[in-house]
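We use all heavy atoms of the structure for the numbers below, so side chains are in, but hydrogens, waters and symmetry mates are not. Convention: sequence-line order gives letters A, B, ...; per-chain numbering from 1.
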Amino acid sequence: GDSVTQMEGPVTLSEEAFLTINCTYTATGYPSLFWYVQYPGEGLQLLLKATKADDKGSNKGFEATYRKETTSFHLEKGSVQVSDSAVYFCALSDLAQGGSEKLVFGKGTKLTVNP
Amino acid sequence: EADIYQTPRYLVIGTGKKITLECSQTMGHDKMYWYQQDPGMELHLIHYSYGVNSTEKGDLSSESTVSRIRTEHFPLTLESARPSHTSQYLCASRQGAYYGYTFGSGTRLTVV
């Protein structure tokens, strides 16, 4: 079945550091890919998405490129801020799964940014 | 601005009590989902619905039940709460296959 593997945390960075959170996936079809962010005490918010190969999703300084050849969707940000401290989830939606429209989530990566 | 609402945000309840977690959305989405999030952050799908009168069990076995009588409303019920039900419960809805989920703010349930 479909699966998402993202780097284990926690990740701790200093403010203005470069961020990469790795995400790779396994899917039988042509999935759409998503990054979600969860701030403390909140639900998940969609951060960015990409629906086909070579698409780049971007939002709030975060970027991720859909790489079909490496089955990856790594999240990057050039300069993190303390306010970026949160848990980040990579997810996929595979239309080939018999019409199932459930998202498959990775296990989450906790990011802490220190001033 | 949230278009999907969960109440209550926090609930502390005694063992054996019956509880209902409310979830409502104003976007007209047919597809709705309930996730249980453990302290290690991982999300587990426990129920989903593709529309009115449609409910399915998710990947994680749960003693809870759901109903979908109206498009906008997808409540989750525990008939007899136990300490093992202590968790965060997240409700979500979805417009279609190329769209992500919209999540509510969650209900943090503690059973004592």
*Between the side chain of B/Arg9 and the main-chain N/O of A/Gly41, is any donor-acceptor distance below 3.5 Å?*
yes

*Counterpart residues, side-chain contact (heavy atoms from CB on, under 4.5 Å), relative to B/Thr7 (two or more places apart)*: B/Glu22

*Quick one: closest heavy-atom pair of A/Lys102 and B/Tyr48, and the distance?*
CD-CE2, 3.9 Å

*Pick one of side chain, backbone, both or neither for A/Gln45, based on which atoms fall under 4.5 Å of a heavy atom in chain B.*
neither

*Compare every heavy atom of B/Arg94 with every heavy atom of A/Ser93, then report the nearest pair and how far apart it is.*
OG-NH2, 2.8 Å

*Could you please state which residues from residues 53-67 of chain B sit under 4.5 angstrom from chain A, measuring non-hydrogen atom to non-hydrogen atom, sorted by number, or 'none'?*
B/Asp59

*Tell me, do B/Gln37 and A/Gln38 make a side-chain contact under 4.5 Å, heavy atoms counted?*
yes

_For A/Phe105 together with B/Tyr35, are the ring centres under 6.0 Å from each other?_
yes

*Contact part of A/Lys107 toward chain B, heavy-atom cut-off under 4.5 Å: side chain, backbone, both or neither?*
both

*Walk me through it: do A/Tyr36 and B/Phe103 pass the test ring pair (Phe, Tyr, Trp, His ring centres under 6.0 Å)?*
CA-CA 10 Å; A/Tyr36 281 84; B/Phe103 280 89; 5.7 Å; yes

*Is a side-chain donor or acceptor of B/Tyr101 paired with a backbone partner of A/Leu103 at a separation under 3.5 angstrom?*
yes

*Can A/Leu33 be reached from A/Leu75 by stepping across I, L, V, M, F, W or Y side chains whose heavy atoms are under 4.5 Å apart?*
yes

*Quick one: are B/Leu43 and A/Leu44 in side-chain contact, heavy atoms under 4.5 Å?*
yes

